Trainee: 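Provided herewith is a single structure, encoded as structure tokens, for subsequent inquiry.
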Amino acid sequence: MGPELGSFLERPVLEVAPLLLGATLRHGQVAVRLTEVEAYDGANDPGSHAHRGPTARNSVMFGPAGHLYVYFTYGMHHCCNVVCGSEGMAAAVLLRAGEVVDGLETARQRRPGSPDRDLARGPARLCRALELDLGQNGARLDTPPLTLEPGPAPEDVASGPRVGLRHASDRAWRFWLPDEPTVSQYRPAVSRPRVRPGR
DNA sequence: CCCGTGATTCTCT
DNA sequence: GAGAATCACGGGC
């Protein structure tokens with residue numbers, strides 16, 4: 001890891017997460033400026049994939065900072081996180097949305113008919129715009145074609161509850177840049193009918 | 001609001 | 001091992 005990026009990401013996840021707003025994630029010719037993220041605090045955090053300890057899927061989170069943790073969900077979507085904190089803590093920041101700032105034509109081809117502001121608006125769309133999938137799980141963020149360039153510290157950061165979790169959704173660990181049109185629309189969790197456990 | 005879609009993980013044998 | 005629930009989502013109506 002480049003010494004600067006490495007030491008930045010090794011800081012506690014609740015410090016790093018808001019500072020990632022305005023940073024630029026590039027994969028090949030497409031680059032996205034981050035406008036919305038969520039913090040996940042490893043084993044301490046009931047909302048984290050790492051909450052129940054290391055598994056085959058989440059093992060990257062338990063490694064050193066500065067790598068990408070990508071997972072596949074709902075049978076069709078990918079989501080990506082930046083691993084941060086010290087090794088073993090399994091802290092990570094979910095990248096929820098951003099603005100495509102380079103490779104716009106390529107990103108449009110990956111989501112035909114979509115307005116530009118929606119190309120990376122939402123965690124699965126962001127992965128699609130950047131063409132991130134399981135092939136990038138564990139990849140370093142300081143080596144082309146995959147790079148993360150921190151920006152200047154954001155002037156104004158909003159925060160609120162995380163989205164779409166069953167557990168620990170009360171923690172206000174979602175951070176976004178106010179007045180950015182690419183921030184994902186808040187969608188209240190739809191409560192699906194639960195089959196009553198037997199008896 | 002509903003629902004696709006399939007990997008992952010949990011729970012019970 | 002098998003069967004079942006869950007799921008850090010997004011598109012369509």
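Here is the naming used below: chain letters follow the sequence lines, and residue numbers restart at 1 for every chain. Model, not experiment: these values are computed from the prediction.
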Trainee: Partners of A/R33 by side-chain hydrogen bond (donor to acceptor under 3.5 Å, both in side chains), sequence neighbours excluded?
Mentor: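 Expected list: A/E99, A/E180.
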Trainee: Applying side-chain hydrogen bond (donor to acceptor under 3.5 Å, both in side chains), name anything that partners A/E36, two or more places apart in sequence or on another chain.
Mentor: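 So A/E36 forms a side-chain hydrogen bond (donor to acceptor under 3.5 Å, both in side chains) with A/R96, A/R174, A/S184.
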Trainee: Could you pull out all residues at least two apart from A/E87 that satisfy salt bridge (Lys or Arg N to Asp or Glu O under 4.0 Å)?
Mentor: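 A/E87: no salt bridge (Lys or Arg N to Asp or Glu O under 4.0 Å) contacts found.
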Trainee: Mind running a 4.0 Å heavy-atom check of residues 55-73 of chain A against DNA chain C and sending the residues that fall below it, in number order?
Mentor: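 Result for residues 55-73 of chain A: A/M61, A/Y71, A/T73, sorted by number.
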Trainee: For A/L94, which contact category applies under a 4.0 Å heavy-atom criterion: base, sugar-phosphate, or nothing?
Mentor: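 A/L94: base contact, heavy atoms under 4.0 Å.
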Trainee: Rounded to whole Å, please give me the gap between OH in A/Y186 and P in C/dC9.
Mentor: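 That distance rounds to 12 Å.
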Trainee: For DNA chain B, what are the stems built from at least three Watson-Crick or G-U pairs in a row, each pair having both distances below 3.5 Å?
Mentor: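 Detected stem regions: B:1-4 with C:9-12, B:6-12 with C:1-7.
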Trainee: Please state whether the phosphate of B/dC10, meaning OP1 or OP2, lies under 4.0 angstrom from any side-chain nitrogen or oxygen of A/R52.
Mentor: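 So the side chain of A/R52 is within the cut-off, an N or O lying under 4.0 Å from OP1 or OP2 of B/dC10.
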Trainee: Linking Ile, Leu, Val, Met, Phe, Trp and Tyr by side-chain heavy atoms under 4.5 Å, what else ends up with A/V163?
Mentor: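 Cluster partners of A/V163: A/Y186.
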Trainee: Please enumerate all residues that pass salt bridge (Lys or Arg N to Asp or Glu O under 4.0 Å) together with A/D116, with sequence neighbours excluded.
Mentor: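 Residues passing salt bridge (Lys or Arg N to Asp or Glu O under 4.0 Å) with A/D116: A/R108.
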Trainee: Given the rule in the side chain to side chain donor-acceptor pair (under 3.5 Å) test, do A/H51 and A/Y40 qualify, once you have shown the distances and angles that lead to the verdict?
Mentor: CA-CA 10 Å; A/H51 181 51; A/Y40 287 87; over 6 Å; no
Trainee: Could you tell me how far apart A/H167 (NE2) and C/dT6 (P) are, to the nearest whole angstrom?
Mentor: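 Checked: the NE2 to P distance equals 9 Å.
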Trainee: Residues sharing A/V183's hydrophobic cluster, by side-chain heavy-atom contacts under 4.5 Å among ILVMFWY, directly or via others?
Mentor: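 A/V183 shares its hydrophobic cluster with A/W176.
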Trainee: For A/D133 and C/dC9, give me the distance from atom CG to atom C1', rounded to whole Å.
Mentor: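 That distance rounds to 16 Å.
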Trainee: Can you check the A/E36 CD to C/dA8 C1' distance for me, whole Å?
Mentor: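 These atoms are roughly 11 Å apart.
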Trainee: Give me the ring orientation class for A/F72 and A/H78: parallel if the planes are under 30° apart, tilted from 30 to 60°, perpendicular past 60°.
Mentor: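 Ring orientation, 0 to 90° scale: tilted.
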Trainee: Once side-chain hydrogen bond (donor to acceptor under 3.5 Å, both in side chains) is applied, do any residues pair with A/R162, and if so which ones, sequence neighbours excluded?
Mentor: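 side-chain hydrogen bond (donor to acceptor under 3.5 Å, both in side chains) check on A/R162 returns A/D45.
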Trainee: For A/N81 and C/dA8, give me the distance from atom CG to atom C1', rounded to whole Å.
Mentor: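 Whole-Å distance recorded here is 8 Å.
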Trainee: For A/T106, what residues pass the side-chain hydrogen bond (donor to acceptor under 3.5 Å, both in side chains) criterion, not counting sequence neighbours?
Mentor: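 Counting only residues at least two positions away or on another chain, A/T106 forms a side-chain hydrogen bond (donor to acceptor under 3.5 Å, both in side chains) with A/Q29.
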Trainee: I'd like a table of atom pairs between the protein and nucleotides 10-13 of chain C - only N or O on both sides, under 3.5 Å - with the distance next to each one.
Mentor:
| residue | atom | partner | partner atom | Å |
| --- | --- | --- | --- | --- |
| C/dG10 | OP1 | A/P123 | N | 3.3 |
| C/dG10 | OP1 | A/A124 | N | 2.8 |
| C/dG10 | OP1 | A/R125 | N | 3.1 |
| C/dG10 | O4' | A/H77 | NE2 | 3.3 |
| C/dG11 | OP1 | A/R111 | NH1 | 2.3 |
| C/dG11 | OP2 | A/R125 | NE | 3.2 |
| C/dG11 | OP2 | A/R125 | NH2 | 2.3 |
| C/dG11 | O6 | A/R187 | NH1 | 2.8 |

Trainee: Who passes salt bridge (Lys or Arg N to Asp or Glu O under 4.0 Å) against A/R26, sequence neighbours left out?
Mentor: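 A/D102.
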Trainee: Round to a whole Å and report the spacing from CZ of A/R171 to C1' of C/dA8.
Mentor: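 Going from A/R171 (CZ) to C/dA8 (C1'), I get 14 Å.
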Trainee: Write down the distance between CZ (A/F175) and C1' (C/dA8), rounded to a whole number of angstrom.
Mentor: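 It works out to 15 Å between those atoms.
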